Amino acid sequence: MKTPVSKIARAARRGFLFFVFTRLLCAVPAPAQQVHLPARSGEVATITANGPQRRQGSLYFADGDVEINYGGLHLKADHVEYNDDTNEAVARGNVIFDYENQHLEGDEAHLNVASGHGTFFDVRGTIKLDRRPNPAVLITKNPLYFEAKEVERLSEDVYVIHHAWFTVCDHQHPTWQFYAPQAKVTLEKTVALVNSNFRLYRVPLIWLPYSTAPAGNHIRESGFLIPIVGESNSKGFVFGDALYWAPKTWADTTLGAEYFSRRGTAQRAEIRLKPFENTSIKYTYFGVIDRGIPGPTPGTIEKQGGHQQQGEVTSLWNHGWRFVADVNQLSSLTFRLAFSDTYGDAINSEVQSSIFLTNNFRGFSFNVASLDDRSYLELSPPTSVTLRSAPEVDFSSVEQSPWRGLPVYFSFDSFAGAVHRQDEFLDTANFVPRTEFAPKATIPLHFGNWLGVTTSATFRTTFYGDSLNANGVVTSNSITRNTGEFAVEFRPPTLERFFDRPKTRHRYKHTIEPYLTYRYVTGVNNFADFIRFDSNATLTDTNEIEYGITQHLYLKSDDQQPVDFLSWNLVQKHYFDPTFGGALVPGQRNVFEALDSITAFAFASTPRNWSPIVSDLKLTPGGKFDAEQILEYDPQLQKIVTIGELLKIKPYSEFFFTLADFRLQGDPIVQPSTNQFRAMLGYGGLNRKGFNAAAGLSYDLQTSTLQNQFAWVSYNGGCCGLAFEYRHLDLGTVRTENQFRVAFIIANIGTFGNLRRQEKIY
């Protein structure tokens with residue numbers, strides 16, 4: 001018989017087990033409850049919560065990891081109140097909002113899920129702004145990060161932010177920040193800041209009453225650009241700024257000015273238009289109003305101001321027509337030497353302009369052109385040569401055969417127009433008429449695989465409205481030139497041999513290609529009477545033979561395309577007529593078509609039977625380096641007259657080295673001796689992350705002058721960079737300048753400082 005004590009014990013055990021079971025059951029979290037509530041727009045807002053939920057009229061209350069999903073909009077918070085009638089949601093505690101590339105975190109939010117309009121408080125947010133690569137701007141993939149007291153979301157792509165700071169750096173340790181009491185972010189357009197200040201390591205540096213930055217690709221927003229501040233020993237203190245104005249999606253304008261404390265003021269302008277899909281227009285202007293520098297005579301002032309401008313137009317029309325204009329104008333070479341930003345621009349002594357309308361159809365080419373070329377020769381006194389061909393109409397055809405199966409091809413060249421020349425010796429009429437018609441017949445013959453012979457004959461008739469008399473004076477007497485031109489080209493078979501290297505998986509192919517061309521031109525007769533307007537007037541009688549040999553060494557690795565690893569071209573001419581029909585004048589520089597077709601450097605001051613032997617050796621393995629050497633040996637002077645070397649090395653992925661030397665040591669009558677050396681060493685690139693550096697120099701060994709040198713170093717981080725540069729320019733009596741430049745680079749925006757990134761050597 002069981003005692004009452006045992007019954008009490010069993011009851012106690014049952015009660016304990018029931019208590020433990022119920023406690024364990026209560027410890028298991030209840031499943032999240034999901035409610036679908038209709039929105040006013042007809043769509044459904046889905047609310048999910050892990051805590052208690054209740055309804056009071058049109059209001060729905062939820063607690064515990066509450067999530068609202070409506071379309072692509074996602075809102076999460078500890079507590080949410082949602083109104084069915086108005087679609088208004090009030091979220092409090094650990095608020096998180098996500099929509100496409102937008103992410104906000106805050107303490108409280110009031111949001112209409114149907115319209116997307118809402119207000120967030122005590123916000124931390126990011127907006128991902130994709131930017132395409134830009135060679136002039138440091139680009140980062142970091143999102144735009146901001147912290148603000150209040151953020152108002154006006155629509156899915158417009159935010160108004162109050163009392164905030166912005167950066168694209170690591171938000172926990174930002175290198176730079178923009179602080180602004182008010183800002184407006186328009187996605188895929190701009191970030192606009194009102195009354196902002198820029199801070200570096202939280203130290204205020206620049207105050208800006210209003211500033212904008214792009215917030216997407218192909219975004220153009222009007223406003224002032226980042227100011228330029230610098231120092232130069234020739235210009236003094238430099239300060240400038242520019243206004244960028246984009247009134248239309250297809251048009252923009254940049255107007256800028258700079259102040260030079262020692263010289264005066266500079267003006268810059270750039271206008272870009274794309275009114276149609278196939279038409280683009282660009283105009284640039286740079287000018288300086290110079291106060292002057294002390295002249296060579298005591299008490300005098302020498303002003304070097306001036307301007308240069310360029311207009312470019314490209315337009316593709318229907319039916320194959322194409323219009324191109326590139327018009328340049330320079331007030332003086334002295335201005336370019338004194339105020340050009342870079343050494344390469346400063347030493348350019350030519351100003352060329354061209355305008356043409358062209359169409360190619362069924363093997364024919366029709367062109368209407370205006371060409372202008374001005375070459376500056378001396379600074380003091382100012383001396384230049386101006387050559388102009390305007391207007392001019394060209395009509396020509398490629399070689400075409402009217403009979404199938406018969407290897408006879410016909411072509412022609414023709415033009416009609418007006419030309420003009422002006423220099424210190426000649427000043428022709430503005431429009432000197434000139435015409436030419438040159439039909440040509442070509443017969444290519446192949447004798448098996450061992451010989452190819454191509455024969456051509458051309459009859460050329462040319463008319464000039466003016467000519468030179470025996471004293472070299474321009475007269476209105478017209479002159480006509482009727483020439484017969486005959487050429488035969490011999491192409492022996494190409495010799496080739498293959499070399500296999502199975503161990504290295506390389507295959508080499510060596511080819512030897514000899515050729516010989518005979519040319520005969522007759523009928524010029526009165527070469528001295530022609531005014532030298534262009535290369536057309538350099539045609540002379542000639543009886544010559546040109547011969548040469550070209551060797552190639554091709555390299556093929558595995559299944560890759562063959563590479564022209566090594567090539568060597570050797571060529572020379574023999575002239576049977578050493579005076580070219582009496583055209584050559586002893587004791588002076590002679591430039592004829594028969595001479596400059598073998599080399600770009602003049603070499604004839606006396607009658608000649610032989611041209612220089614021209615050797616061009618190229619090493620282009622397509623890998624870590626390439627090199628070229630040009631040698632010209634003059635058998636009449638019995639010495640090497642031209643030496644040119646170029647070497648480019650890239651031993652590692654980020655290092656590069658370039659070395660160039662060019663020496664002319666021929667006849668001083670036709671070509672003054674010169675010897676210039678250039679070198680450049682660098683690591684990295686303009687927008688590469690990390691450390692980058694470059695240094696280079698240009699040295700004239702003939703005059704022992706260091707013409708140009710530079711040293712550039714930068715460091716680009718994930719959101720910004722810093723760059724320093726030193727430049728030295730020695731341009732004779734016009735300009736000797738030391739430039740010190742610095743720039744703070746802001747990713748996705750631009751630079752602070754006076755270092756123009758497009759001037760870099762990379």
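Just so we're clear, the structure is a prediction, and the values are computed from it rather than from any experiment.
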| Does the pair D341/R727 count as a salt bridge with the N-to-O cut at 4.0 Å? |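 No, this pair does not count.
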
Does any part of the side chain of [Y], heavy atoms only, come nearer than 4.5 Å to the side chain of [X], both counted from C-beta?
{"X": "F662", "Y": "R678", "result": "no"}
{"X": "R374", "Y": "L330", "result": "no"}
{"X": "D730", "Y": "L706", "result": "no"}
{"X": "F486", "Y": "T455", "result": "yes"}
{"X": "L337", "Y": "R735", "result": "no"}
{"X": "L539", "Y": "R460", "result": "yes"}
{"X": "V351", "Y": "R336", "result": "yes"}
{"X": "L659", "Y": "E645", "result": "no"}

Which atoms form the tightest heavy-atom contact between [X] and [Y], and what is the distance?
{"X": "L646", "Y": "A660", "value": "CD1-CB, 3.9 Å"}
{"X": "S375", "Y": "E350", "value": "OG-CG, 3.7 Å"}
{"X": "S673", "Y": "Q665", "value": "OG-CA, 4.1 Å"}
{"X": "A438", "Y": "T458", "value": "CB-CG2, 4.2 Å"}
{"X": "Y633", "Y": "Q638", "value": "OH-CA, 3.4 Å"}
{"X": "V563", "Y": "P621", "value": "CG1-O, 3.6 Å"}

Check the orientation of [X] and [Y]. Use parallel for under 30°, tilted for 30 to 60°, and perpendicular for over 60°.
{"X": "F527", "Y": "F592", "answer": "perpendicular"}
{"X": "Y547", "Y": "W610", "answer": "perpendicular"}
{"X": "F533", "Y": "Y464", "answer": "parallel"}
{"X": "Y554", "Y": "H552", "answer": "parallel"}
{"X": "F339", "Y": "F335", "answer": "tilted"}

| query | Does NZ or CZ of R322 come closer than 6.0 Å to the centre of the six-membered ring of F356, within 45° of the ring's axis? | reply |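 That pair does not qualify as a cation-pi contact.
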
Atom [atom1] of [X] with >12 non-hydrogen neighbours under 6.0 angstrom:
{"X": "K556", "atom1": "NZ", "answer": "yes"}
{"X": "R491", "atom1": "CZ", "answer": "yes"}
{"X": "F425", "atom1": "CZ", "answer": "no"}

Spacing of [atom1] belonging to [X] relative to [atom2] belonging to [Y], to within rounding of 0.5 Å:
{"X": "L595", "Y": "L584", "atom1": "CG", "atom2": "CG", "result": "7.0 Å"}
{"X": "R481", "Y": "T462", "atom1": "CZ", "atom2": "OG1", "result": "4.0 Å"}
{"X": "T517", "Y": "E489", "atom1": "OG1", "atom2": "CD", "result": "4.0 Å"}
{"X": "L664", "Y": "I640", "atom1": "CG", "atom2": "CD1", "result": "13.0 Å"}
{"X": "I479", "Y": "D529", "atom1": "CD1", "atom2": "CG", "result": "4.5 Å"}

| message | Working note: I355 + D372, criterion side chain to side chain contact (heavy atoms under 4.5 Å, CB included); need CA distance, chi angles, decisive distance, verdict. | response | CA-CA 9 Å; I355 303 174; D372 187 277; over 6 Å; no

| field | Donor-acceptor contact present, side-chain R663 to main-chain N675, <3.5 Å | value |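 Not a single qualifying donor-acceptor pair exists.
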
Examine the side chains of [X] and [Y] and answer whether a donor and an acceptor come within less than 3.5 Å of each other.
{"X": "D394", "Y": "S396", "answer": "no"}
{"X": "D466", "Y": "T428", "answer": "no"}
{"X": "D326", "Y": "Q310", "answer": "yes"}
{"X": "T522", "Y": "D541", "answer": "no"}
{"X": "Q352", "Y": "D373", "answer": "yes"}
{"X": "N536", "Y": "T538", "answer": "no"}

| field | Working for side chain to side chain contact (heavy atoms under 4.5 Å, CB included), residues D427 and V474 | value | CA-CA 8 Å; D427 188 4; V474 178; over 6 Å; no

| task | In sequence, state the C-alpha distance, the side-chain angles, and the governing distance for Y515 and E546, and then conclude on side chain to side chain donor-acceptor pair (under 3.5 Å). | result | CA-CA 8 Å; Y515 76 93; E546 178 181 334; 2.9 Å; yes

| message | Just to verify, what does T483 make a side chain to side chain donor-acceptor pair (under 3.5 Å) with, not counting sequence neighbours? | response |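 Counting only residues at least two positions away or on another chain, T483 forms a side chain to side chain donor-acceptor pair (under 3.5 Å) with E485.
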
| request: Would you check if the distance from the ring center of F395 to the ring center of F412 is below 6.0 Å? | output: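 Yes, the ring of F395 comes within the 6.0 Å limit of the ring of F412, centre to centre.
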
| request: Assess whether salt bridge (Lys or Arg N to Asp or Glu O under 4.0 Å) is satisfied between R434 and D534, documenting all intermediate values. | output: CA-CA 12 Å; R434 183 178 64 167; D534 51 28; 3.0 Å; yes

| N543 pairs by side chain to side chain contact (heavy atoms under 4.5 Å, CB included) with which of Y575, F576, F580? |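 Among Y575, F576, F580, the one meeting side chain to side chain contact (heavy atoms under 4.5 Å, CB included) with N543 is F576.
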
| request: Output, in order, the C-alpha distance, side-chain angles, deciding distance and verdict of ring-ring contact (aromatic ring centres under 6.0 Å, His included) for F657 and F625. | output: CA-CA 9 Å; F657 175 68; F625 67 93; over 10 Å; no

